[in-house]
Amino acid sequence: MRYWLMKSEPDVYSFDHLVADGETYWDGVRNYQARNMMRDDMQPGDRVLYYHSNTKPPHVAAVAEISRAGYPDPTQFDPNEKYFDPKASPEKPRWYVVDLKPVARLKQTVPLADLKANPALEGMLVIKKGQRLSVQPVDKEHFDAVVAMGGGLAG
DNA sequence: GCCAACGTTGGC
DNA sequence: GCCAACGTTGGC
């Protein structure tokens, strides 16, 4: 099993929204590095730190789980979609999604500043300056440390 | 609102 | 194939 961090702007798609939906496909990723991870590396059962970006403060909010491995992003084929890609076709898809379902909130959210302040998280991608990848691999040790910083899983 | 970081595009 | 221009991300 692998561990990941996925960023979402809470105004766009918060963890609460995921809970309300029960499950979602993670559409709209248009970055090749992130695409490759979703297409090639993510497997059902993998655990995900659900990170809220572009909010004050940015923070890890919850844990989610991959519920379906990578498959072509349906939004790339639809001209009415924001994420339509004219260079993609069902025969030659460019972009991939995974399905995600909620596991649980952390008892307390963990702000980015706290992640940066924890020496045990040295090397974690999300705390690096200029790191914009919206899907990132996370070491198990780092994953467990972040969950512990959040007081464990709620409920 | 600013701007650093960085990925992508397109002219040459 | 280089690289300048441009667009986006996302913290601050």
Side-chain angles (χ1 to χ4, degrees), chain A residues 2-21 24-42 46-66 69-100 102-103 105-139 141-151:
Chain A
R2 299 203 202 188
Y3 299 86
W4 309 93
L5 178 144
M6 295 171 89
K7 296 180 185 174
S8 186
E9 299 184 26
D11 289 347
V12 177
Y13 198 85
S14 67
F15 186 74
D16 283 347
H17 201 152
L18 178 61
V19 170
D21 285 350
T24 194
Y25 59 87
W26 204 253
D27 68 353
V29 172
R30 294 294 181 266
N31 170 284
Y32 287 107
Q33 274 180 274
R35 186 279 308 268
N36 292 347
M37 286 187 271
M38 294 203 293
R39 186 189 59 189
D40 303 334
D41 299 329
M42 288 182 155
D46 286 1
R47 291 286 164 118
V48 176
L49 294 173
Y50 200 101
Y51 179 87
H52 283 159
S53 65
N54 250 323
T55 188
K56 289 187 180 179
H59 60 271
V60 177
V63 171
E65 182 178 307
I66 305 297
Y71 61 99
D73 183 343
T75 66
Q76 70 191 305
F77 307 129
D78 183 348
N80 299 316
E81 281 280 353
K82 179 184 171 191
Y83 295 115
F84 174 63
D85 185 341
K87 294 177 182 165
S89 66
E91 296 74 32
K92 285 194 112 180
R94 273 185 138 188
W95 306 111
Y96 284 72
V97 294
V98 292
D99 285 354
L100 204 66
V103 173
R105 282 181 194 78
L106 297 175
K107 285 186 178 150
Q108 310 109 35
T109 63
V110 182
L112 178 61
D114 288 7
L115 299 178
K116 289 182 171 174
N118 185 347
L121 299 181
E122 194 178 344
M124 193 177 179
L125 290 175
V126 72
I127 63 180
K128 286 195 181 166
K129 191 179 178 186
Q131 179 52 260
R132 299 184 305 165
L133 259 189
S134 60
V135 177
Q136 305 176 356
V138 175
D139 292 345
E141 294 71 27
H142 290 168
F143 183 95
D144 290 343
V146 172
V147 172
M149 289 168 80

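Nearest-nucleotide assignment on DNA chain B puts the 5′-proximal partner with A/K56, out of A/R94 and A/K56.
Counting 5' to 3', DNA chain C first comes under 4.0 angstrom of a heavy atom of chain A and last does so at the ends given by C/dG7 to C/dC12.
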Parsed dot-bracket for DNA chain C after applying the Watson-Crick and G-U rules with both distances under 3.5 Å and | for other-strand partners is ||||||||||||

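Of the residues in residues 108-120 of chain A, A/L112, A/K116 come within less than 4.0 Å of DNA chain C through at least one heavy atom, sorted by number. A heavy atom closer than 4.0 Å to some atom of DNA chain B occurs in no member of residues 77-85 of chain A.
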Using atom types as modelled, flag every donor-acceptor pair under 3.5 Å from a side chain in residues 49-56 of chain A to any protein atom, sequence neighbours excluded.
{"residue": "A/Y50", "atom": "OH", "partner": "A/Y13", "partner atom": "O", "Å": "2.9"}
{"residue": "A/Y50", "atom": "OH", "partner": "A/S14", "partner atom": "O", "Å": "3.4"}
{"residue": "A/H52", "atom": "ND1", "partner": "A/H59", "partner atom": "NE2", "Å": "3.0"}
{"residue": "A/H52", "atom": "NE2", "partner": "A/F15", "partner atom": "N", "Å": "3.1"}
{"residue": "A/N54", "atom": "ND2", "partner": "A/E9", "partner atom": "OE2", "Å": "3.3"}

Which atom pairs, donor and acceptor, lie under 3.5 Å between side-chain atoms of residues 71-82 of chain A and protein residues at least two apart or in another chain?
{"residue": "A/Y71", "atom": "OH", "partner": "A/D99", "partner atom": "OD1", "Å": "2.5"}
{"residue": "A/D73", "atom": "OD1", "partner": "A/T75", "partner atom": "N", "Å": "2.9"}
{"residue": "A/D73", "atom": "OD1", "partner": "A/T75", "partner atom": "OG1", "Å": "2.7"}
{"residue": "A/D73", "atom": "OD2", "partner": "A/G28", "partner atom": "N", "Å": "3.2"}
{"residue": "A/D73", "atom": "OD2", "partner": "A/R30", "partner atom": "NH1", "Å": "3.0"}
{"residue": "A/D73", "atom": "OD2", "partner": "A/R30", "partner atom": "NH2", "Å": "3.3"}
{"residue": "A/D73", "atom": "OD2", "partner": "A/T75", "partner atom": "OG1", "Å": "3.3"}
{"residue": "A/T75", "atom": "OG1", "partner": "A/R30", "partner atom": "NH2", "Å": "3.2"}
{"residue": "A/Q76", "atom": "OE1", "partner": "A/R94", "partner atom": "N", "Å": "2.9"}
{"residue": "A/Q76", "atom": "OE1", "partner": "A/W95", "partner atom": "N", "Å": "3.0"}
{"residue": "A/Q76", "atom": "NE2", "partner": "A/D73", "partner atom": "O", "Å": "3.0"}
{"residue": "A/Q76", "atom": "NE2", "partner": "A/W95", "partner atom": "O", "Å": "2.8"}
{"residue": "A/D78", "atom": "OD1", "partner": "A/N80", "partner atom": "N", "Å": "2.8"}

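Put simply, CZ on A/R2 and CG on A/D46 are 7.5 Å apart, with the number rounded to the nearest 0.5 Å. Distance CH2/A/W26 to CE/A/M38: 9.5 Å, rounded to 0.5 Å.
Here salt bridge (charged side-chain N to carboxylate O under 4.0 Å, His left out) pairs that include residues 124-138 of chain A, with residues two or more places apart or in two chains, number zero. Screening residues 10-21 of chain A for salt bridge (charged side-chain N to carboxylate O under 4.0 Å, His left out), with sequence neighbours left out, gives A/D16-A/R105. Contacts classified as salt bridge (charged side-chain N to carboxylate O under 4.0 Å, His left out) and involving residues 142-151 of chain A (residues at least two apart or in different chains) are given here: A/K140-A/D144.
When side chains are defined from C-beta on, A/M37 does not count as touching A/V29, because their heavy atoms never get closer than 4.5 Å. Annotation: side chain of A/V110 is in contact with side chain of A/L115 (closest heavy-atom distance under 4.5 Å). Contact annotation: the side chain of A/N118 never approaches that of A/M124 to less than 4.5 Å [non-hydrogen atoms, C-beta and beyond].
Annotation: side-chain contact (heavy atoms from CB on, under 4.5 Å) contacts of A/Q136 (sequence neighbours excluded): A/L5, A/K7, A/L125, A/V126, A/Q131, A/L133. For A/R47, the side-chain contact (heavy atoms from CB on, under 4.5 Å) partners are A/M1, A/Y3, A/V63, A/E65, A/V103, A/F143, not counting sequence neighbours.
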